Student: 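Provided herewith is a single structure, encoded as structure tokens, for subsequent inquiry.
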Amino acid sequence: MANLKIPEISNDATINVALDTINKGKQALIFVNSKRSAEKTAEEVGKKVTGVNEAWSVLSTKVMKVLASPTTQCKRLCGCLLKGVAFHHAGLAAKQRELIEDGFRDGVVKVIASTPTLAAGLDLPAFRAVIRDLKRFCNRGMAPIPVLEYLQMSGRAGRPNYDTFGESICIAKSEAEKEAITEEYINGDPEEIYSKLAVEPVLRTYLLSLIASKFVRSRKQILEFFGKTFWAYQYEDMGKLEEIIERMLQLLEEWEFIKSSKDDFISADNLDSVTYRATLMGKRVAELYLDPYTANQLVEGIRKTHSIKYGDFSFFQLLCNTLEMRPLLNVRQKEYDIVEEAIMKYEGTLLGSEPDYFDDEHGDYMKSIKTSLFFMDWVEEKGEDALLEHYGIRPGEIRYKLNSADWLFYAMEELTRLLGFHDLIKVIGRLRFRVKHGIKDELVSLVRLKGIGRVRARKLFRNGIKDVRGLKQIDVGRLGVILGKGMAEKIKKELDQDVSVVKKGTRKGQTSVEKFIK
DNA sequence: GGACGGTGAAACTTCAGGTTGCCTC
DNA sequence: GAAGTTTCACCGTCC
């Protein structure tokens, strides 16, 4: 531990350290525990930075152009960048994150205030790593972060090629806190690493894939296999472990993902020789890397379509009920009415569970409804700025949600196929396509064409061109007025050729899609 | 005297991260 | 549990 003399420019120690680093001509990473704090801290540091720099405004302009219509978050970030400061968290669009990281590596960005996004994985060293928060919110209030995580963050200090040393600084508010931090973190031992198999979703996914790949067949082999894992080594109690595996096997069988030979003539004392094999459905679930629990929820939802009147919302709510879609969007106090209203509106049309008001799960249910409403607005072509405003969901988070939804929709399509619900495959496929592109149903046929995304499709639609036939009928000159000459010619050529074309890229910043036109 | 703006205390709200599949609608 | 935001009461100033 070193004694640092930091000039007290403001009454906030974190900001003082950041400013001191800039004045030394060096760079700092500041780690905080929430997105909001990251944004606020970056803004506060920026306010105290004097002077201008051409490179700062160039980067700021670049960042502003990433999204088609900049959100309030973009504007805030760009304001910070004009002072050579940035914030960084999972809510940023991927391209913006990349620009900031590159800007930091190039030395343009002097200070980044970040959530733990920057702590792991990314090689982004700084002269100083300032760890402001050593506590983070969890279900039971604020909890100290693991020592391992502290080490990750402080490990960012010191750039091998530029500095001979680095400084990792924790911020304490009192002498007592300073002592506690020293003991817990600076001199503390990192936690033991625990096997991920101990988590049930991982265990059941793994168990099914072992059976599906025929790596293990009998109960005995299964137990032997798990007996040799790191999980068993840590758990020590093999009896308890067997119990857990047995319960999992029962569930997998109940969900019809595996079939056992128990029905054949096997005596109770010879239970170990019971063999298991995956059903066709089980095999596909394993191939999809889907948690069997989720797969079963999807299967039940798909079956339910036979007995209820369903709509787009029903499918979104089914997805939002899965573990994969978590964390769901939080329902704020002022949003209770809106969510309750939606519950009333869609009552009886849902494919996922509909718990009672007094049920423990009602809170999660409300969240699933809010998240489904977000998806509804997305396919109603609401912009990212509007979504941030209405749902508090940032562009980066939208991407993760869409990515998960796309994957789950794909899984749902596959399960629907296996269940033989042929009419439903098209319905799900079409909705999946709309989610990918963020478009209303009416734009689907236009967006299938190469070079036409949601913006151009909407332009065409407004001009009365609603499908491929409309595009074929319109002359190239008029089409040029709407889309530009070059684009019009390209589209006309494409339509005449009537060949398979591969298209990549969708709604700005989205994952790539491929389409086939016949 | 009323409109307006600034200030600070109290009340209220919200809280990190990011892989998996595949070629079709 | 605590940071950050919003709300509201209070006060001073100006017209």
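All chains are named by letter (A, B, ...) in the order of the sequence lines, taking the proteins before the strands, and each is independently numbered beginning at 1. Bear in mind the structure is a predicted one, so any value in this text is a computation, not a measurement.
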Student: Could you tell me how far B:dA16 sits from C:dA3 if I compare only their C1' atoms? Round to whole Å.
Tutor: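 15 Å, rounded to whole Å.
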
Student: A:K40 side chain: which of B:dC25, C:dT5, B:dT20 is closest?
Tutor: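 Looking only at heavy atoms from C-beta outward on A:K40, the closest nucleotide is C:dT5.
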
Student: Output the rounded distance in Å from CG (A:N33) to P (C:dA3).
Tutor: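 Spelled out: CG on A:N33 to P on C:dA3 is 8 Å.
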
Student: Write down the distance between CD1 (A:I428) and P (B:dT24), rounded to a whole number of angstrom.
Tutor: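 Those two atoms, CD1 and P, are 17 Å apart.
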
Student: Among B:dG17, B:dT24, C:dG4, which is the nearest nucleotide to the side chain of A:R432?
Tutor: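 When the side chain of A:R432 is considered, B:dT24 is the closest of B:dG17, B:dT24, C:dG4.
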
Student: Tell me: CD of A:E413 to P of B:dC25, nearest whole Å?
Tutor: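 It is 10 Å, rounded to the nearest whole Å.
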
Student: Of the nucleotides B:dA16, C:dG1, B:dG21, which has the atom closest to the A:Y410 side chain?
Tutor: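 Out of B:dA16, C:dG1, B:dG21, the nucleotide with an atom closest to A:Y410's side chain is B:dG21.
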
Student: Side-chain N or O of A:S37 versus OP1/OP2 of B:dC15: is the shortest distance under 4.0 Å?
Tutor: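 No, no such contact exists.
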
Student: Check whether any side-chain N or O of A:Y400 sits under 4.0 Å from OP1 or OP2 of B:dG18, and answer yes or no.
Tutor: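 Yes, A:Y400 has a side-chain N/O under 4.0 Å of OP1/OP2 on B:dG18.
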
Student: When all nucleic acid strands are considered with a 4.0 Å heavy-atom cut-off, which category describes A:K173: base, sugar-phosphate, or nothing?
Tutor: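 Answer is sugar-phosphate: A:K173 comes under 4.0 Å of backbone atoms only.
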
Student: From C-beta outward on A:S404, which listed nucleotide comes closest to its side chain: C:dG4, B:dG17, B:dT20?
Tutor: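 From the listed options, B:dT20 comes nearest.
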
Student: Just checking A:R326: base, sugar-phosphate only, or nothing, at a heavy-atom cut-off of under 4.0 Å?
Tutor: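 Base, at least one base atom sits under 4.0 Å.
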
Student: Rounded to the Å, how far apart are A:H422 NE2 and B:dT24 C1'?
Tutor: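 Going from A:H422 (NE2) to B:dT24 (C1'), I get 15 Å.
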
Student: Picking from C:dG1, B:dC15, B:dG18, which would you name as closest to the side chain of A:M142?
Tutor: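 So the nucleotide nearest the side chain must be C:dG1.
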
Student: Side chains of A:T117 and A:R97: any donor to acceptor distance under 3.5 Å?
Tutor: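 A:T117 and A:R97 do not have a side-chain donor-acceptor pair below 3.5 Å.
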
Student: Over all strands shown, is A:D133 touching base, sugar-phosphate only, or nothing at heavy-atom distances under 4.0 angstrom?
Tutor: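 Result for A:D133 = nothing.
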
Student: Could you tell me the separation between the OH atom of A:Y310 and the NZ atom of A:K304, rounded to the nearest 0.5 Å?
Tutor: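 Answer for the OH-NZ pair, A:Y310 versus A:K304, is 14.0 Å.
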
Student: Between A:Y185 and A:P144, what is the shortest heavy-atom contact and its length?
Tutor: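 The pair with the smallest heavy-atom distance is OH-CB, 3.4 Å.
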
Student: Between C:dA3 atom C1' and A:R136 atom CZ, what is the distance in whole Å?
Tutor: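 Roughly 15 Å, once rounded to whole Å.
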
Student: Take the protein atom CD of A:E39 and the nucleotide atom C1' of C:dG4, then report the distance between them rounded to whole Å.
Tutor: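 After rounding, the gap between these two atoms is 11 Å.
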
Student: By nearest atom, which of the nucleotides B:dG17, B:dG21, B:dT13 is closest to the A:W407 side chain?
Tutor: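 For A:W407, the side-chain atoms sit closest to B:dG21.
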
Student: Should the side chain of A:D406 and the base of B:dG21 be counted as holding a donor-acceptor pair, with the cut-off at 3.5 Å?
Tutor: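 Answer yes: a donor N or O sits under 3.5 Å from an acceptor.
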
Student: May I ask whether A:Y289 stacks on the base of B:dT20, given the cut-offs of 5.5 Å between ring centres and 30° between planes?
Tutor: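 Answer is no, no stack.
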
Student: Once you round to the nearest 0.5 Å, how far does CZ of A:R458 lie from CD1 of A:I439?
Tutor: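 Reported value, rounded in 0.5 Å steps: 9.0 Å.
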
Student: Starting from the 5' end of DNA chain B, give me the residue, A:V331 or A:E287, whose nearest nucleotide shows up first.
Tutor: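 Looking at DNA chain B, the more 5' nearest nucleotide goes with A:V331.
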
Student: Taking the minimum atom-to-atom distance to the side chain of A:H89, which one of C:dG4, B:dG17, B:dC25 wins?
Tutor: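 Out of C:dG4, B:dG17, B:dC25, the nucleotide with an atom closest to A:H89's side chain is B:dG17.
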
Student: Rounded to the nearest Å, what distance is computed from the NZ atom of residue A:K401 to the P atom of nucleotide B:dG17?
Tutor: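 These atoms are roughly 11 Å apart.
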
Student: Please tell me if A:K35 has a side-chain N or O lying less than 4.0 Å from either OP1 or OP2 of B:dG17.
Tutor: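 The answer is yes; a side-chain N or O of A:K35 sits under 4.0 Å from OP1 or OP2.
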
Student: Taking atom P in both C:dG1 and B:dT20, compute the distance separating them and give it to the nearest angstrom.
Tutor: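 Looking at atom P only, C:dG1 and B:dT20 are 38 Å apart.
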
Student: Return the nearest nucleotide to the side chain of A:N330; candidates are B:dC15, B:dG18, B:dG21.
Tutor: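 So the nucleotide nearest the side chain must be B:dC15.
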
Student: Using purine N1 to pyrimidine N3 plus N6-O4 or O6-N4 for Watson-Crick, or N1-O2 and O6-N3 for G-U wobble, both under 3.5 Å, which nucleotide pairs with C:dA9?
Tutor: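 Its partner is B:dT7.
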
Student: Tell me the interatomic distance from A:L402, atom CG, to B:dT20, atom P, rounded to whole angstroms.
Tutor: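 Checked: the CG to P distance equals 17 Å.
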
